[in-house]
Engineer: 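Pasting a structure here, questions to come.
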Amino acid sequence: MTKTKASPLLTRNEIAELSGVSINAVNKALEQRVAKARRQRGRTLLAADEAAALALLSELPISLSIKFKREVRNWIVKRNPAKAEEFELSRALRVAMTENAADVAKRAIDYVRLREKYVEIERGKMGGTPVIRGTRVPVRTLAQLVEGGESPKALKEDYPHIPEEAYDVAVLWAKGNPRRGRPAAQHRTRSAGRAATA
């Protein structure tokens with residue numbers, strides 16, 4: 001018997017970003033055991049396959065029981081979502097794989113491949129700050145530049161050693177892995193503080 005390769009693990013936020021559902025929807029699916037999670041180093045992680053299942057469930061125009069949601073999830077996760085066309089929940093109800101859910105499955109696979117290629121986290125390198133592999137450019141810095149509207153041309157001039165395909169990966173990774181702990185304190189200048197109170 002051959003062992004199938006386990007689906008790569010993603011954070012709840014990465015799953016939410018890829019599937020297009022809210023983090024609350026991901027948490028509810030976990031609570032109802034519609035999606036399955038694993039604990040690893042104090043983090044809740046989900047298999048990449050769960051993104052397509054959550055995308056499809058969010059597209060259904062009717063409300064399903066938790067039992068049926070689990071059946072749909074199992075159908076997506078246990079089969080190749082790109083090839084699974086239709087699933088019969090009952091004699092009166094069939095669920096078809098949508099183009100969006102199939103696209104989410106592909107995006108999740110592509111994201112994992114590119115994340116492994118470009119995101120590097122080493123304790124001895126920049127204090128464990130996630131960087132673009134082979135550089136000292138923090139992933140979150142690149143993501144902020146892209147999100148802030150910096151053009152690919154300007155990014156290429158500033159970071160010629162970073163391929164363009166790393167830009168979108170950085171944005172998705174940063175959204176899927178928000179900083180932990182307290183937000184950084186906002187620094188105000190004395191004049192700004194006085195102006196605010198005047």
Side-chain angles (χ1 to χ4, degrees), residues 2-23 26-27 30 35-55 76-77 80-83 100-187:
T2 58
K3 198 173 184 181
T4 57
K5 189 178 177 186
S7 179
L9 299 177
L10 301 171
T11 68
R12 288 177 291 177
N13 287 315
E14 286 172 323
I15 291 287
E17 287 294 325
L18 286 163
S19 64
V21 302
S22 69
I23 189 67
V26 175
N27 289 335
L30 288 170
K36 296 183 180 177
R38 298 176 196 151
R39 295 288 293 168
Q40 196 174 76
R41 291 187 223 142
R43 296 173 59 178
T44 301
L45 302 172
L46 294 87
D49 300 334
E50 301 286 355
L54 290 172
I76 296 285
V77 170
N80 180 343
K83 294 183 180 177
N100 178 57
D103 185 50
V104 166
K106 183 184 179 320
R107 276 196 327 252
I109 291 165
D110 290 345
Y111 168 70
V112 168
R113 179 181 56 80
L114 294 172
R115 180 187 70 176
E116 290 172 4
K117 183 176 180 180
Y118 292 115
V119 178
E120 179 179 39
I121 304 170
E122 285 185 30
R123 286 187 185 179
K125 188 174 189 177
M126 295 203 40
T129 299
V131 297
I132 300 298
R133 189 173 305 281
T135 75
R136 296 180 62 80
V137 178
V139 176
R140 287 187 177 97
T141 299
L142 182 59
Q144 287 172 343
L145 291 169
V146 173
E147 289 276 277
E150 196 72 40
S151 72
K153 183 180 177 187
L155 288 170
K156 202 70 188 151
E157 288 173 7
D158 292 341
Y159 304 104
H161 50 290
I162 298 177
E164 280 190 46
E165 68 180 356
Y167 302 166
D168 290 336
V169 173
V171 170
L172 184 52
W173 187 91
K175 287 179 179 179
N177 295 276
R179 292 184 191 275
R180 293 183 182 182
R182 293 177 134 186
Q186 296 281 332
H187 295 292

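Since this is a predicted model, take the numbers as computed values, not measurements. FYI, the numbering just counts along the sequence from 1.
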Engineer: Does Asn100 have any side chain to side chain contact (heavy atoms under 4.5 Å, CB included) partners at least two apart in sequence or in another chain, and if so, which?
Structural biologist: Ala55, Glu59, Thr98, Val104
Engineer: Does the pair Val77 and Lys36 meet the rule for a side-chain contact (heavy atoms from CB on, under 4.5 Å), with working shown?
Structural biologist: CA-CA 10 Å; Val77 170; Lys36 296 183 180 177; over 6 Å; no
Engineer: What's the spacing between Thr44 OG1 and Asn27 CG if we round to 0.5 Å?
Structural biologist: 8.5 Å
Engineer: Ala108 and Ala48: which non-hydrogen atoms are nearest, and at how many Å?
Structural biologist: CB-O, 4.0 Å
Engineer: Could you measure the distance from the CD1 atom of Ile76 to the CG atom of Asp49? Nearest 0.5 Å is fine.
Structural biologist: 9.5 Å
Engineer: List in chain and number order the residues that pass side chain to side chain donor-acceptor pair (under 3.5 Å) with Ser22, two or more places apart in sequence or in another chain; answer none if no residue qualifies.
Structural biologist: none
Engineer: Can you tell me how far apart OG1 (Thr141) and OH (Tyr159) are? Round to the nearest 0.5 Å.
Structural biologist: 6.5 Å
Engineer: Taking salt bridge (charged side-chain N to carboxylate O under 4.0 Å, His left out) as the cut-off, I'd like each qualifying pair that reaches into residues 119-132, sequence neighbours left out, listed once.
Structural biologist: Glu120-Lys125, Glu120-Arg133
Engineer: Can you name the residues that form a side chain to side chain donor-acceptor pair (under 3.5 Å) with Tyr111, not counting sequence neighbours?
Structural biologist: Glu14
Engineer: With sequence neighbours left out, write down each residue that passes side chain to side chain contact (heavy atoms under 4.5 Å, CB included) with Arg43, or none if nothing qualifies.
Structural biologist: Thr11, Leu45, Asn177, Arg180
Engineer: Please identify each residue that fulfils side chain to side chain contact (heavy atoms under 4.5 Å, CB included) with Ala35, with sequence neighbours left out.
Structural biologist: Ala29, Leu30, Leu46, Glu50
Engineer: Could you tell me which non-hydrogen atom of Leu18 sits nearest to which non-hydrogen atom of Ala51, and how far apart they are?
Structural biologist: CB-CB, 4.3 Å
Engineer: Among all residues two or more places apart in sequence or in another chain, which pass the salt bridge (charged side-chain N to carboxylate O under 4.0 Å, His left out) test with Arg107?
Structural biologist: Asp103
Engineer: Could you pull out every donor-acceptor pair under 3.5 Å between side chains of residues 148-155 and any protein atom, sequence neighbours left out?
Structural biologist:
unit_1: Ser151; atom_1: OG; unit_2: Ala154; atom_2: N; d: 3.0

Engineer: Does Lys156 have any salt bridge (charged side-chain N to carboxylate O under 4.0 Å, His left out) partners at least two apart in sequence or in another chain, and if so, which?
Structural biologist: none
Engineer: Taking salt bridge (charged side-chain N to carboxylate O under 4.0 Å, His left out) as the cut-off, I'd like each qualifying pair that reaches into residues 136-147, sequence neighbours left out, listed once.
Structural biologist: Glu147-Lys175
Engineer: So, using side chain to side chain contact (heavy atoms under 4.5 Å, CB included) as the criterion, who are the partners of Thr135 when residues are at least two apart?
Structural biologist: Ile132, Val137, His161, Ile162
Engineer: Return each pair, listed once, that meets salt bridge (charged side-chain N to carboxylate O under 4.0 Å, His left out) where at least one residue sits in residues 159-172; pairs must be two or more places apart or across chains.
Structural biologist: Lys117-Glu165
Engineer: By the definition side chain to side chain contact (heavy atoms under 4.5 Å, CB included), identify the one residue from Asp110, Val112, Val119, Leu142 that meets it with Val169.
Structural biologist: Val119
Engineer: Taking atom CG of Leu114 and atom CG of Leu172, what is their separation to the nearest 0.5 Å?
Structural biologist: 10.0 Å
Engineer: What is the minimum heavy-atom distance between Val21 and Ser19, and which atoms define it?
Structural biologist: CG2-OG, 3.1 Å
